[in-house]
Amino acid sequence: STLPKTYRIGIVGAGEYVVYDNKVHAFTNPDFRKKYTWAGHAASLAMLPNVEVVGICDIVPERTRKFAEQWKLHWPNIRSYSDHKDMLSK
């Protein structure tokens, strides 16, 4: 049998809708669902078994650092970028 394709994703912009805490997710945690009606992009991507986020880009270095720190256990190969063109060239 053929293994499913893995999609490598680079995210541009690491604001609050992208990053939120990887330990809770609106779809899997009812207590969290009571507080928030949205789900962050990263948490949604983490639910897809054939997706690997390999890059995060933001002009604010603290945002990419925070994202990489929060998601390093799920995506250990993630790299931080400040220029989206640089990220896409990798």
Side-chain angles (χ1 to χ4, degrees):
S1 78
T2 305
L3 292 175
K5 179 178 175 113
T6 296
Y7 295 92
R8 298 178 45 158
I9 304 291
I11 298 174
V12 177
E16 67 181 67
Y17 291 107
V18 174
V19 176
Y20 80 81
D21 192 348
N22 64 332
K23 294 176 185 66
V24 293
H25 190 278
F27 296 131
T28 59
N29 185 322
D31 292 330
F32 187 77
R33 193 168 41 238
K34 290 176 189 173
K35 295 179 187 175
Y36 301 100
T37 58
W38 51 268
H41 304 327
S44 297
L45 290 169
M47 293 179 67
L48 301 172
N50 60 334
V51 168
E52 178 186 10
V53 174
V54 294
I56 182 69
C57 177
D58 200 290
I59 60 172
V60 179
E62 178 62 20
R63 289 182 181 171
T64 57
R65 186 205 59 75
K66 181 179 178 184
F67 183 97
E69 181 65 29
Q70 286 186 342
W71 290 99
K72 69 182 177 186
L73 293 177
H74 193 78
W75 297 304
N77 298 320
I78 195 163
R79 294 186 59 193
S80 297
Y81 299 90
S82 60
D83 182 334
H84 69 282
K85 291 177 184 174
D86 183 33
M87 180 177 70
L88 293 172
S89 72
K90 303 296 181 194

Between OG on residue Ser82 and CZ on residue Arg63, distance to nearest 0.5 Å: 13.5 Å
Using a 3.5 Å cut-off and no angle test, enumerate the donor-acceptor pairs between side-chain atoms of residues 54-62 and protein atoms at least two apart in sequence or in another chain.
{"from": "Asp58", "atom 1": "OD1", "to": "Val60", "atom 2": "N", "distance (Å)": "2.9"}
{"from": "Asp58", "atom 1": "OD2", "to": "Ala14", "atom 2": "N", "distance (Å)": "2.7"}
{"from": "Glu62", "atom 1": "OE1", "to": "Arg65", "atom 2": "NE", "distance (Å)": "3.2"}
{"from": "Glu62", "atom 1": "OE2", "to": "Arg65", "atom 2": "NE", "distance (Å)": "3.4"}
{"from": "Glu62", "atom 1": "OE2", "to": "Arg65", "atom 2": "NH2", "distance (Å)": "2.6"}

By side chain to side chain contact (heavy atoms under 4.5 Å, CB included) - contacts of Asn77 (at least two apart): Glu52
Shortest non-hydrogen contact between Trp75 and Ala42, atoms and distance: CH2-O, 3.3 Å
Test salt bridge (charged side-chain N to carboxylate O under 4.0 Å, His left out) applied to Lys90 - qualifying residues, sequence neighbours left out: Asp86
Matching residue for Ile78 among Ile9, Val53, Thr64 - test: side chain to side chain contact (heavy atoms under 4.5 Å, CB included): Val53
Minimal non-hydrogen separation, Ala43 against Trp71, with atom names: CA-CH2, 3.6 Å
From OG (Ser89) to NE2 (His84), nearest 0.5 Å: 10.5 Å
Any side-chain heavy-atom pair of Phe67 and Ile11 under 4.5 Å: yes
Inter-residue atom distance Leu88.CG - Tyr81.OH, 0.5 Å rounding: 9.5 Å
